[in-house]
Amino acid sequence: MGIKMSDRGTLNEPRIQLDLFANRPLSADLVDALAEELVWRFDLDANLAGFIEACGDDPVLAPALERWRGMRVGSSYSLYEYLAVAIVLQNTTVRRSVQMMQALFDRFGSRVTFDDRDLCGFWQPEDLTSVSEEELRQLKVGYRAKSISRIAKFFAEGQIDALSLRDRGREETKDELLRLYGVGPASVWYILFEVFHHYDAFDVISPWEQKIYSRLLFDSELEAADVVLEEVRKRWGPWRMLAAHYVFEDLFWRRRNQSVPWLEKLIRL
DNA sequence: CGGCAGGTGCGGA
DNA sequence: TCCGCACCTGCC
């Protein structure tokens, strides 16, 4: 199925038009369920009043909030799909992550054509259960083949209930995700925030992010990780990951219009 | 050509 | 609980 979402509103009266493309008629129930799922995935019913109330005056955040008021964080991916991406992002450069993802899509994805677009649909966990690790390695995913294979099996066997995790707390969800082979602290924190919308999911920082936050918060090249985390906690409390995301997005948006020399050095493709 | 990248599991202190 | 180490691959 093809899904197209278009902006049809204003900042104060937001509206999204949803167009669905399918090769069979869709029941009203299915369409409703789909809309509801999209509301969850893109966090459309988020109430950000508390966030603006608590953090709106922060000098680091204010300019970003000004430009991005109303921005939500979500993911178009299901939990399984996000995990596939997270595994492929580990311990490598973006360029190779893209290459690995493309190889997986070419082999296991389904081509979807709609609205003058030619896209690739995700595979299902079941599609990988009969695929050997060796076959995956031939797609140049390296040692990640083991994680990809075991996670697919885990989902296919129903050993994790992605939907019920939406109603549980952050720590419980974290522990559940850490049961997955190949999923460690870095992947977990991204997922807690982007997939499960825990706005406070910021207790781990990777080296490249550490350098960026050192600049943004301390105007220095490198502060210790625990110093950065403590500062973020003090500044933004339970909203710290959401606030950090606003600041991060704003930084990369600025980079599109004007060069940010210190940032260029930190980005490797 | 060795080092290293948007991590993680594992074994041993 | 904390640390050092190996690990596919391809770019620098």
Side-chain angles (χ1 to χ4, degrees), chain A residues 73-77 79-108 128 131-155 159-160 171 173-196 198 201-217 221-229 232 240-242 244-253 255-256 260 262-269:
Chain A
V73 176
S75 161
S76 58
Y77 301 125
L79 174 59
Y80 172 73
E81 291 164 354
Y82 196 107
L83 281 164
V85 175
I87 294 294
V88 150
L89 281 172
Q90 291 169 6
N91 199 28
T92 189
T93 52
V94 173
R95 188 200 304 263
R96 199 156 92 81
S97 296
V98 171
Q99 179 196 306
M100 289 188 271
M101 212 61 219
Q102 192 60 55
L104 287 164
F105 273 130
D106 287 345
R107 173 81 170 71
F108 303 110
L128 298 191
V131 178
S132 69
E133 265 180 53
E134 197 44 48
E135 276 178 273
L136 289 173
R137 271 175 182 269
Q138 284 166 13
L139 302 178
K140 312 268 192 175
V141 297
Y143 60 84
R144 298 167 195 82
K146 189 171 179 183
S147 308
I148 294 170
S149 181
R150 288 181 64 167
I151 289 174
K153 195 157 179 247
F154 205 78
F155 273 75
Q159 293 198 53
I160 184 165
E171 289 306 297
T173 306
K174 184 182 92 176
D175 293 343
E176 188 72 4
L177 293 172
L178 286 173
R179 292 167 59 214
L180 295 161
Y181 185 91
V183 175
S187 302
V188 158
W189 292 106
Y190 290 135
I191 292 172
L192 287 176
F193 179 54
E194 294 189 32
V195 177
F196 293 105
H198 289 289
F202 193 4
D203 292 337
V204 160
I205 187 168
S206 64
W208 69 282
E209 292 170 317
Q210 185 185 345
K211 290 175 196 161
I212 291 178
Y213 287 115
S214 294
R215 283 282 185 179
L216 294 173
L217 300 173
E221 282 206 15
L222 190 63
E223 294 293 321
D226 54 348
V227 171
V228 173
L229 288 170
V232 160
R240 58 191 179 276
M241 191 62 238
L242 184 62
H245 187 81
Y246 268 70
V247 170
F248 227 85
E249 279 295 303
D250 191 54
L251 172 64
F252 280 85
W253 176 81
R255 173 175 169 265
R256 283 216 303 259
V260 183
W262 63 266
L263 183 58
E264 304 304 326
K265 286 186 203 134
L266 298 178
I267 298 174
R268 277 187 56 180
L269 293 178

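Residue numbers start from 1 in every chain, and the chains themselves are labelled A, B, ... in the order their sequence lines are given, proteins ahead of strands. For the numbers below, each heavy atom of this structure counts, side chains included, while hydrogens, waters and symmetry mates do not.
- In this structure, the CH2 atom of A/Trp189 is 16 Å from the C1' atom of B/dG7, given to the nearest Å.
- Across all strands, A/Arg144 comes closer than 4.0 Å to base atoms (heavy-atom distances).
- Judged by distance alone, with hydrogens and angles left aside, the side-chain atoms of A/Thr92 form no donor-acceptor pair with the main-chain N or O of A/Ser97 at under 3.5 Å.
- Applying the 4.0 Å criterion to OP1 and OP2 of C/dG10, one finds that A/Gln99 has a side-chain N or O inside that range.
- Under the salt bridge (Lys or Arg N to Asp or Glu O under 4.0 Å) criterion, A/Glu249 pairs with no residue, sequence neighbours left out.
- Within the 4.0 Å cut-off from OP1 or OP2 of C/dC8, not a single side-chain nitrogen or oxygen of A/Arg96 is found.
- With sequence neighbours excluded, the residues satisfying side chain to side chain contact (heavy atoms under 4.5 Å, CB included) with A/Ser76 are A/Phe42.
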Can you check nucleotides 1-4 of chain C for protein contacts, nitrogen or oxygen pairs under 3.5 Å, and list what you find?
none

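- Listed by first then second residue, pairs satisfying salt bridge (Lys or Arg N to Asp or Glu O under 4.0 Å) with a partner in residues 79-88 of chain A number zero, not counting sequence neighbours.
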inquiry  = Before you tell me yes or no, could you show the steps for A/Leu192 and A/Leu177 under side-chain contact (heavy atoms from CB on, under 4.5 Å), namely the whole-Å CA-CA distance, both residues' side-chain angles and the distance that decides it to 0.1 Å?
reply    = CA-CA 9 Å; A/Leu192 287 176; A/Leu177 293 172; 4.3 Å; yes
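- Scanning for side chain to side chain contact (heavy atoms under 4.5 Å, CB included) contacts around A/Lys153 gives A/Glu157, with sequence neighbours left out.
- Residues passing the side chain to side chain contact (heavy atoms under 4.5 Å, CB included) test with A/Asp175: none are found, sequence neighbours excluded.
- With sequence neighbours excluded, the residues forming a salt bridge (Lys or Arg N to Asp or Glu O under 4.0 Å) with A/Glu171 are A/Lys174, listed by chain and number.
- In this structure, the side chain to side chain contact (heavy atoms under 4.5 Å, CB included) partners of A/Ile205, at least two apart in sequence or on a different chain, are A/Phe202, A/Glu209, A/Gln210, A/Tyr213, A/Ala225, A/Val228, A/Leu229.
- Rounded to a whole Å, the CD1 atom of A/Ile191 is 13 Å from the C1' atom of B/dG7.
- The interatomic distance linking A/Leu89 (CG) with B/dG6 (P) rounds to 10 Å, in whole Å.
- Pairs engaging residues 177-188 of chain A under the salt bridge (Lys or Arg N to Asp or Glu O under 4.0 Å) rule: A/Glu176-A/Arg179 [sequence neighbours left out].
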task = Go through A/Leu104 and A/Leu136 one step at a time and tell me if the side-chain contact (heavy atoms from CB on, under 4.5 Å) criterion holds.
result = CA-CA 8 Å; A/Leu104 287 164; A/Leu136 289 173; 4.2 Å; yes
task = Dot-bracket notation for DNA chain B is requested: 5' to 3', Watson-Crick or G-U wobble pairs only, both distances under 3.5 Å, with ( ), [ ], | and . as defined.
result = .||||.|||||||
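- Residues from residues 100-108 of chain A placing a heavy atom under 4.0 Å of any atom in DNA chain B do not occur.
- Aromatic ring orientation, A/Phe196 versus A/His198: tilted (interplanar angle from 30° to 60°).
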query = Quick one: what's the B/S/- string for nucleotides 8-13 of chain B, heavy-atom cutoff under 4.0 Å, read 5' to 3'?
reply = SSS---
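- Rounded to whole Å, the distance from CD1 on A/Ile148 to P on B/dG7 is 15 Å.
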query = So A/Leu242 and A/Phe193, side-chain contact (heavy atoms from CB on, under 4.5 Å) or not? Walk me through it.
reply = CA-CA 8 Å; A/Leu242 184 62; A/Phe193 179 54; 4.2 Å; yes
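- Look at CD on A/Glu209: it is 14 Å from P on B/dA5, rounded to the nearest Å.
- We find that NZ of A/Lys140 is positioned 6 Å from P of C/dT9, with the value rounded to whole Å.
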